[in-house]
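Here is the structure we will look at, set down as structure tokens.
Each ligand, and each atom within it, is numbered from 1 in the order the structure gives. No experiment lies behind these values; they were computed from the predicted model shown.
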Amino acid sequence: MKTYAGKPVYHGIAIGQIRLLKKEKKSVIRSRIEDVEQELTRIKEAVNEAEDQLKGLYDKALLEVGESGAAIFDVHQMMLADQDYQESIQNIIQTQQVNAEYAVAVTADNFANMFAMMDDAYMKERAADVRDISERLLTILMRAGAAEVSTDVPTIVVAEDLTPSETVQMDKSRVKSFVTRYGSSNSHTAILARTMNVPALIGLEYDEDIDGKKAIVDGFKGELIVDPDEEILAEYEERAAQEEAKKQLLLELKGKETMTLGGRAIRLYANIGGIADLQSVMQNDAAGIGLFRSEFLYLEKDHYPTEEEQFQVYRSVAETMAGKKVIIRTLDIGADKQIDYFELDKEENPAMGYRAIRICLDRTEIFKTQLRALYRASAFGNIGIMFPMIISVKEVKQIKEIVEEVKGELDEMGIRYGEVELGIMIETPAAVMVSEDLAKEVDFFSIGTNDLTQYTLAIDRQNAKLDNIYDAHHPAVLKMIQMTIENGHKGGAWVGICGELGADLTLTDTFVEMGIDELSVSPSFILPVRKKIREHS
Ligand code: PEP
Ligand code: MG
């Protein structure tokens, strides 16, 4: 058994036989020609044939991987038709009186180098595309065959690099993974792997003798395990089966509504800690973001994030979600989340101490900076703001006054902002008890069951010794949830759950019966919860 490390560009587990692709480098010879016109006709015909091939590949990719995966062959057609590219080839043939193959090879090198030297990451990637279309022309001119994979066993394709044309020609039903020595996260092979939903690794240094061997691709750790021993193989077979079951769920439920059999729609949102989680939000088809824990923005810095820094992040999330709801929770530090530059005093009882909204209402400059960034970002999407650790109506009124001040300042500066729903987290028993009054002040409630359990049961959620009695299913917690939903509705607020309990499939039916409007869960739980809701009668 030997393990090689690479960089995963798409996750998943694959088990199969390695097929090492060795592309024969076409050796292009420079030869002088007599008949320039004939050579120009040869290249013209080759371009026409390449165009036909690309049209065919586009149609094939469209059927197999959809429009976004097929788009690359559109790009290739455009590059092939590019006047500068074609003129360069013709010019070399005419001025140097050389063969078309040589003119294509030189043009390919020149154009690829030019793209590779560009600053823009997207343009850099085009170097590989110029090489790809030029290879196609050379193959036609020289009548050589391209590297192909047709196989009847599950296959892990390993290569120096792969062109989109090569990947699209592969038998998708057999190819379980791509592994390359070169390539980048933005390369089309990586994009295609994501679209095909198979794991892919790049930057992996392999030995040539791996061809034909049994192997595992761990697209989570970024490993290629060649000749795995029995135990490892059994472990991965089990994981692959679990992954496969998840994929099936994904295929079945993606794009479907989150609605009970009785026709009640529940909003199913995702919890995130930052921009990096957005890919998983999209992939799992969340209807929005129900909890963006903004404190991670503060935790990853060694200074207070500026208004501009925050604005860029909130705006990017709002834009990416393209009109879907994005609920951002204001800073929730203290207790288990400590940040040095806040210089918070050490406390006897941090969970019940100076934390979250208590800090914000005390150090209002920090709070106002965040609110300004949030309101500015609201012009770019559908933002909601919620406030953590609320215990009283008085706090909510204070918050609303500060929000009005911030909006007034933005108005004065002529900065536009959108409609923003304001909500609070219900995570203290106090908030539950006064929830009917709180509901009149806000648009929504989001129940933070992690803290609500801790404060209801008086059990520190951080204390491992008490793990066995930290019971979020305790009837007291469930009654609190029920009461919050009823009171929220009475006061005109919609009610969701964003604590971990929201993803507890044994309680989904209970929450639906209680009248919950929204559930916000980790992205990987979206589809299992959707399945459960769709089965609710
Ligand atoms: C909660 O308390 O349930 C919650 C969602 O917030 P956090 O886990 O970030 O405290
Ligand atoms: Mg909490």
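Of the candidates Arg530, Lys324, Lys256, Arg530 is the only one forming a salt bridge (Lys or Arg N to Asp or Glu O under 4.0 Å) with Asp285.
The Mg ion (ligand 2) has no N, O or S atom of Asp332 under 2.8 Å away, backbone or side chain.
Glu427 contributes OE1 as its N, O or S atom closest to the Mg ion (ligand 2). Per residue Asp451, closest N, O or S atom to the Mg ion (ligand 2): atom name OD2.
For Leu291, every heavy-atom contact with ligand 1 shorter than 4.0 Å involves the side chain, none the backbone. For Met389, no heavy-atom contact with ligand 1 is shorter than 4.0 Å. At a heavy-atom distance under 4.0 Å, only side-chain atoms of Arg329, from C-beta outward, approach ligand 1.
Note on ligand 1: Gln454 sits outside its first shell, no heavy atom being nearer than 4.0 Å.
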Applying side-chain contact (heavy atoms from CB on, under 4.5 Å), run through Ile156 and Phe178 and close with a yes or a no. CA-CA 6 Å; Ile156 294 167; Phe178 299 118; over 6 Å; no
Apply salt bridge (charged side-chain N to carboxylate O under 4.0 Å, His left out) to the pair Arg355 and Asp451, showing each step before the final yes or no. CA-CA 13 Å; Arg355 61 170 290 198; Asp451 277 317; 3.5 Å; yes
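Between the side chains of Gln279 and Gln283, no donor-acceptor pair of N or O atoms lies under 3.5 Å. A donor-acceptor pair shorter than 3.5 Å can be found between the side chains of Tyr314 and Gln370. Between the side chains of Asp218 and Tyr236, at least one donor-acceptor pair of N or O atoms lies under 3.5 Å. Side chains of His303 and Glu309: a donor on one and an acceptor on the other come within 3.5 Å. For the residue pair Asn271 / Ser520, a side-chain donor-acceptor distance below 3.5 Å is found, with atom types taken as modelled.
Tyr304 has its ring centre less than 6.0 Å from the ring centre of Tyr341.
Ligand 1 has no N or O atom lying under 3.5 Å from any N or O atom of Arg355, backbone or side chain. At least one N or O atom of Arg461 sits closer than 3.5 Å to an N or O atom of ligand 1. Some N or O of Arg293 is nearer than 3.5 Å to an N or O of ligand 1, by distance alone.
Ligand 1 places these atoms under 4.0 Å from at least one heavy atom of Gly499: 3 (O), 5 (C). Ligand-side atoms of ligand 1 in range of Gly448: 1 (C), 2 (O), 3 (O), range being under 4.0 angstrom from any heavy atom. Close approach to Asp451 involves these atoms of ligand 1, each under 4.0 Å from a residue heavy atom: 1 (C), 2 (O), 3 (O), 10 (O).
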